[in-house]
Asker: 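Pasting a structure below so you can have a look.
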Amino acid sequence: MKSGITSLAAFGLILLLSSGAFAFTVSHIATDTELLALISDTIFVAEGRIGDLGGAATFELDLGQSTAAPYTTAQYPWISGTVEPFTLSYNSGTGLITFSLGGKVLTYMTPFPMFGDIFVRTRAVEVDRSVIVQDLVLNGQSVGDVSNAVGPGLDILWISGAALSNGFTLTGTATLAWNG
């Protein structure tokens with residue numbers, strides 16, 4: 001079991017090593033077990049969250065090869081129910097990944113040049129918590145689906161078969177909401 005920090009609400013954008021075709025498909029998977037069975041190599045994870053259940057101050061945005069040891073983090077003052085636009089991009093010429101949300105910009109250099117699948121994972125741990133990632137556009141093309149978790153719940157949106165190794169931009173909005 002992982003230690004200490006558990007988020008009350010979170011979304012993650014996970015990129016995996018894979019080659020891809022031009023068109024992409026969208027589907028959902030229901031559990032973290034299914035997600036882990038699909039992951040061979042995680043290239044990077046961009047995450048936004050609120051809450052830690054442990055009482056210690058935590059970062060609210062992170063970017064790196066994993067969330068266990070993120071490369072870069074930033075505090076973010078989430079406001080319940082506020083729609084926050086975000087951008088996630090990869091520059092194939094430099095290897096630079098940029099994750100921006102609400103005026104915060106995080107960057108990470110990846111040593112892995114090939115991308116194929118994106119997983120948008122939303123999780124709300126408690127009742128009266130929710131997370132929705134929507135209005136997703138990948139390289140100018142609408143993804144046409146959302147990832148939405150209502151507590152306690154989990155949803156994982158799988159974007160597969162996309163040609164991402166030459167660079168990409170994913171935009172969308174994230175809304176975290178809670179009562180109390």
Side-chain angles (χ1 to χ4, degrees), residues 1-16 24-88 99-102 104 106 108 117-138 142-160 170-180:
M1 178 175 223
K2 292 185 179 180
S3 68
I5 299 173
T6 302
S7 56
L8 299 177
F11 72 95
L13 307 159
I14 305 165
L15 274 283
L16 302 177
F24 57 84
T25 59
V26 178
S27 57
H28 287 263
I29 55 178
T31 68
D32 282 335
T33 301
E34 290 176 85
L35 174 63
L36 292 173
L38 293 168
I39 295 175
S40 60
D41 292 304
T42 302
I43 303 303
F44 71 88
V45 178
E47 178 185 51
R49 69 177 185 181
I50 188 163
D52 66 14
L53 294 181
T58 64
F59 52 85
E60 305 296 352
L61 299 176
D62 70 27
L63 177 64
Q65 190 166 0
S66 74
T67 57
Y71 174 79
T72 184
T73 65
Q75 293 292 322
Y76 190 75
W78 290 98
I79 298 171
S80 181
T82 300
V83 177
E84 296 288 353
F86 70 86
T87 300
L88 180 68
F99 176 45
S100 62
L101 185 142
K104 301 283 185 177
L106 304 177
Y108 172 68
D117 293 353
I118 299 174
F119 293 92
V120 181
R121 180 182 178 273
T122 54
R123 178 176 171 232
V125 176
E126 297 180 14
V127 174
D128 295 329
R129 277 34 171 201
S130 66
V131 181
I132 186 166
V133 175
Q134 59 189 352
D135 305 319
L136 294 168
V137 175
L138 179 60
S142 174
V143 170
D145 207 341
V146 304
S147 184
N148 185 29
V150 176
L154 170 74
D155 184 39
I156 304 167
L157 177 68
W158 181 13
I159 304 168
S160 60
L170 176 69
T171 61
T173 61
T175 308
L176 281 63
W178 60 92
N179 291 323

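Just so it is clear, the model here is predicted, and its values are computed rather than measured.
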Asker: Drop me the distance from Leu176's CG to Ile50's CD1, to the nearest 0.5 angstrom.
Answerer: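 Answer for the CG-CD1 pair, Leu176 versus Ile50, is 7.0 Å.
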Asker: Distance from Asn179 atom CG to Ser80 atom OG, nearest 0.5 Å?
Answerer: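 It is 6.5 Å, given to the nearest 0.5 Å.
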Asker: Quick one: closest heavy-atom pair of Val133 and Ala174, and the distance?
Answerer: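 Scanning both residues completely, I find the closest heavy atoms to be CG2-CB, 4.3 Å.
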Asker: Are the side chains of Phe99 and Glu47 in contact, using a 4.5 Å heavy-atom criterion?
Answerer: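 A side-chain contact under 4.5 Å is absent here.
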Asker: Identify, with sequence neighbours excluded, every residue that meets salt bridge (Lys or Arg N to Asp or Glu O under 4.0 Å) alongside Asp32.
Answerer: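 Checked Asp32 against salt bridge (Lys or Arg N to Asp or Glu O under 4.0 Å); matches are Arg121.
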Asker: Indicate the atoms forming the closest heavy-atom contact of Ala74 with Leu106, along with that distance.
Answerer: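 Scanning both residues, the minimum pair turns out to be CB-CD2, 3.8 Å.
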Asker: What distance do Leu138 atom CG and Ile118 atom CD1 have between them, rounded to the nearest 0.5 Å?
Answerer: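 Taking CG in Leu138 and CD1 in Ile118, the distance rounds to 5.0 Å.
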Asker: With a 3.5 Å distance limit and no angle check, can you tell me whether Thr72 reaches the backbone of Leu63 through a side-chain donor-acceptor pair?
Answerer: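 Looks like no, no N/O pair under 3.5 Å.
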Asker: Shortest non-hydrogen contact from Leu154 to Ala30?
Answerer: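 Result for this residue pair: CD2-O, 3.8 Å.
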Asker: Quick check for you: to the nearest 0.5 Å, what is the distance between Thr122 atom OG1 and Asp155 atom CG?
Answerer: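 One finds 4.5 Å between OG1 of Thr122 and CG of Asp155.
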Asker: On a heavy-atom basis, which atom in Tyr76 and which in Lys104 lie closest, and how many Å separate them?
Answerer: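 What the structure gives for the nearest pair is CD1-CG, 3.7 Å.
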Asker: Find the distance between CG (Leu170) and CG (Leu88) and round it off to the nearest 0.5 Å.
Answerer: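 Leu170 atom CG to Leu88 atom CG measures 6.0 Å (nearest 0.5 Å).
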Asker: Output yes when a side-chain donor or acceptor of Thr87 lies under 3.5 Å from a complementary backbone atom of Ser100, and no otherwise.
Answerer: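 No, because the side chain of Thr87 does not come within donor-acceptor range (under 3.5 Å) of the backbone of Ser100.
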Asker: Looking at Glu84 and Gly102, what are the two nearest heavy atoms and their distance?
Answerer: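 Heavy atoms only, the tightest pair is OE1-CA, 4.0 Å.
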Asker: Please examine the side chains of Arg129 and Val131, heavy atoms only from C-beta on, and report whether any two atoms are closer than 4.5 Å.
Answerer: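 The answer is no, as the side chains (C-beta and beyond) never meet within the 4.5 Å cut-off.
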Asker: Looking at Leu157, Leu38, Ile159, which one forms a side chain to side chain contact (heavy atoms under 4.5 Å, CB included) with Phe119?
Answerer: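 Among Leu157, Leu38, Ile159, the one meeting side chain to side chain contact (heavy atoms under 4.5 Å, CB included) with Phe119 is Leu38.
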Asker: So, taking the atom named CG in Asp145 and the one named NE2 in His28, what distance separates them when rounded to the nearest 0.5 Å?
Answerer: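 The distance works out to 3.5 Å.
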Asker: Can you sort out the partners of Thr173 under side-chain hydrogen bond (donor to acceptor under 3.5 Å, both in side chains), two or more places apart, ordered by chain and number?
Answerer: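 Scan of Thr173 (side-chain hydrogen bond (donor to acceptor under 3.5 Å, both in side chains), adjacent residues dropped) gives Asp135.
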Asker: Please name the pair of heavy atoms, one in Trp158 and one in Ser160, separated by the smallest distance, quoted to 0.1 Å.
Answerer: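 Heavy-atom minimum between the residues: NE1-CB, 3.4 Å.
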Asker: Would the distance check show the side chain of Trp78 and the main-chain N or O of Arg49 forming a donor-acceptor pair, the cut-off being under 3.5 Å?
Answerer: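 Flag set: sc Trp78 to bb Arg49 pair under 3.5 Å.
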